[in-house]
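Input: a single structure, listed below in structure tokens.
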Amino acid sequence: DGEWARHDEL
Amino acid sequence: VLLLKIRATRSCRGISLKTQELYALVFICRYLDLFYSYISLYNTVMKVTYLATAFSIVRYMRFDKVVRQTYDKEQDTFRYIFLIAPCALLALVLNHRFSPTEVLWTFSIYLEAVAILPQLVLMQRTQNIDNLTANYVALLGAYRGFYILNWIYRFATEKHYRQWIVWISGVAQTALYADFFYYYALCWKANQRLQLPA
């Protein structure tokens, strides 16, 4: 999976 | 700011419970990742803070003996289903991956974009909008608005930063505030209490 899977925003 | 208003004045006059409950729902659906991923201490603390303050506000408005009497239920008429149903449908169709947590996360992004609508409608019906209420809505709009600057920065500096669902929703959310910001700025310049045209 790409970076999008990491939801680091609130 | 909103908790401060409610606690200091013992009143939630002019605040839409519908918007507050929608935000509580937004945070529940979005921060499920508290259970399975860790990003940073700041990130975790803010997620817990948003959940706690959202639920605290709803608790005051629904159950506090004094505060709940100041809630104007008759004016707060926006129907939940008009916002929740289209967002749920859109999240099922337009998402990055069809998994329960990812669909709920996407739903929360869409719902947040429109969750302010019951509050905006209520404010339009309110003759005397409290300064704290006006400031609260302005800060809420500015919060996501400032994200746009951050997204531009991250897009320029990070290789794999592609988040069109978040970007489009964030821009739409900010655009919903445009009318409000216009009158907020006018009244602020004239040093007048905020009044929205009917």
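A note on names: the letters A, B, ... follow the listed sequences, proteins ahead of strands, and every chain is numbered from 1.
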(request) To the nearest 0.5 angstrom, please state how far the NE2 atom of His7(A) sits from the CD1 atom of Ile109(B). (result) 7.5 Å
(request) Answer with yes or no whether the hydrophobic clustering places Val166(B) together with Ile152(B); edges join I, L, V, M, F, W, Y residues whose side-chain heavy atoms lie under 4.5 Å apart. (result) yes
(request) Check each atom of Trp164(B) against the heavy atoms of chain A and say whether the ones under 4.5 Å are side chain, backbone, both or neither. (result) neither
(message) Only heavy atoms, only distances under 4.5 angstrom. Which residues in residues 133-148 of chain B are near chain A?
(response) Tyr143(B), Arg144(B), Tyr147(B)
(message) Are more than 12 heavy atoms, taken from residues, nucleotides or ligands other than Arg125(B), located less than 6.0 Å from that residue's CZ atom?
(response) yes
(message) Under 4.5 Å between side-chain heavy atoms, counting indirect links through other Ile/Leu/Val/Met/Phe/Trp/Tyr residues: same cluster for Phe155(B) and Trp151(B) or not?
(response) yes
(message) Would a single hydrophobic cluster contain both Leu111(B) and Leu104(B), if residues Ile, Leu, Val, Met, Phe, Trp and Tyr are joined by side-chain heavy-atom contacts under 4.5 Å?
(response) no
(request) May I ask you to list the residues in residues 177-185 of chain B that approach chain A closer than 4.5 angstrom, counting heavy atoms only, ordered by number? (result) none
(request) Determine, using the 4.5 Å side-chain heavy-atom cutoff (strictly less than), whether Ile116(B) and Leu3(B) are members of one ILVMFWY cluster. (result) yes
(request) Output the residues of residues 62-83 of chain B for which the shortest heavy-atom distance to chain A is under 4.5 Å, in residue-number order; output 'none' if no such residue exists. (result) none
(message) Using the rule that Ile, Leu, Val, Met, Phe, Trp and Tyr join whenever any side-chain heavy atoms are under 4.5 Å apart, tell me whether Val1(B) and Tyr60(B) fall into a single cluster.
(response) yes
(message) If the contact rule is any heavy atom under 4.5 Å from chain A, which residues of residues 22-59 of chain B qualify, in numerical order?
(response) Arg30(B), Tyr31(B), Asp33(B), Tyr38(B), Ile39(B), Tyr42(B), Asn43(B), Met46(B), Lys47(B), Tyr50(B)
